[in-house]
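Structure, as structure tokens:
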Amino acid sequence: MGRVGRAEALLEVLMSSVNLNDVPVELGWTVAKAYFEGSLSTRKALRLLARACRLCEPEKTARVLRGERV
Amino acid sequence: MRPLFSIELVPKDPIWKLAIASKMVEKAGFDGIWVSEHFFNRSSLVSLSAIALHTKKVVIGPAVLNPYTMPPLLIAQAAASLWELAPHRVRVAVGAGDEMALRRLGIERVRPVETVMRAVAEIKHALSTKGVLNTYRADDIKVLVGAQGPRMLDASTSVADGVLVNWSDREMLEKTLIRLKSRTTEKFWKAAYLIISVHEDAAKARKTAVPFAAYLMAGASPEYLSKIGLEEDFRRRVVEILDKGDWESLYRVSDGEWVDRFCVWGKPAKLEELVEALVEKGYDEVVFAGPLGPRFLYALKEISLICRRVKKVVGKV
């Protein structure tokens with residue numbers, strides 16, 4: 001899976017999570033800003049997106065990062 | 001401009017997520033966003049300020065603001081201020097709210113129909129009368145009522161600009177439409193506010209639907225519960241389970257067909273058939289509310305495809 005595909009899969013994990021209160025607000029807005037700018041698949045933004053996903057959905061995130069379907 | 005298709009966003013989620021979601025909703029081609037209001041969640045109006053700044057075309061509004069927790073004049077002022085962030089894109093819906101939640105706040109829901117109608121009249125007066133809120137130019141804000149019961153529906157037809165019909169039960173939606181059509185002109189806006197959960201795996205869609213259906217069932221009228229064959233004892237049991245947040249027990253008692261009365265769940269094709277029927281029968285707007293589905297992006301994409309196909313079909317008629 002390339003960076004664009006990985007960003008899309010992680011974004012689905014994030015947007016579908018019911019545990020978003022576990023993501024610090026500042027990190028949430030940083031991810032949002034990257035989404036608005038269309039830069040979520042850059043290396044730096046992808047790292048932040050993965051960090052946000054790990055905080056709210058650790059197992060699903062690990063599966064996406066291993067290239068599995070969630 | 002009918003039919004409109006809108007998505008409800010729930011500020012149980014952080015505002016940054018709602019901002020991302022609103023941009024996704026607009027990109028997917030939807031016409032509107034309603035943000036639900038519940039005292040124990042984040043403020044719908046503050047959430048809408050962020051949404052206004054991250055969208056350009058969609059119509060936005062809170063659904064529904066409650067006159068027991070927010071004075072009507074403050075609702076009017078907030079709507080007019082929101083209009084400055086999203087000119088010509090603001091609507092407001094008012095309703096009597098969730099009786100159980102109000103009780104938790106120590107508020108008794110006295111004379112709900114009269115209270116809501118008085119609020120609608122005050123909001124419309126404040127928005128349209130020179131010298132009240134004329135520091136703003138927000139004179140095109142429509143005021144709708146969130147309604148379910150016959151008295152609230154009937155009263156709305158003479159005071160409000162339209163209604164958000166809070167049923168997901170097809171039979172009730174159709175009955176309500178007949179009632180509204182016999183009492184209103186074409187101009188009166190009729191929106192079906194559906195709680196939905198779609199997924200390619202119907203069982204997963206149902207699992208996501210159950211907690212939403214349970215909360216709605218807990219607040220349903222005794223007449224409706226009796227109509228669908230549910231006993232008061234069962235409701236009390238579900239309320240206790242919800243209060244404890246005991247989801248395992250909730251799933252154990254939710255194997256009956258009652259869930260279908262409070263939420264449209266399943267594969268996208270099932271939803272498409274319903275949406276097409278509602279629009280053909282005369283609903284001006286369909287609002288997709290509730291969980292939408294276990295996977296947000298998947299659900300949004302499937303619902304937007306349904307809306308495009310329905311618009312095409314209706315356009316041909």
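So you know, we letter chains A, B, ... as the sequences are listed, proteins then strands, and number each from 1.
Note: B:L297 leads B:L292, B:L297, B:I15 in heavy-atom pairs under 4.5 Å with chain A.
One side chain, A:S16 or A:E12, offers a donor N or O that lies under 3.5 Å from an acceptor on the other.
Residue contact with chain B, scored on non-hydrogen atoms closer than 4.5 Å, involves the side chain of A:L14 exclusively. In this structure, the portion of B:K27 lying under 4.5 Å from any heavy atom of chain A is its side chain and not its backbone. Interface remark: B:L300 contributes no atoms to any contact with chain A (heavy atom separation under 4.5 Å).
Stacking of B:K207 on the aromatic ring of B:W247 is not recorded, the 6.0 Å distance cut-off and the 45° axial limit not both being met.
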*Should B:R89 and B:T55 be marked as a side-chain hydrogen bond (donor to acceptor under 3.5 Å, both in side chains) after you check the CA-CA gap, both sets of side-chain angles, and the distance that decides it?*
CA-CA 10 Å; B:R89 296 201 282 132; B:T55 53; 3.1 Å; yes
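B:F288 and B:F30 have perpendicular rings, their planes meeting at more than 60° on a 0 to 90° scale where under 30° would count as parallel.
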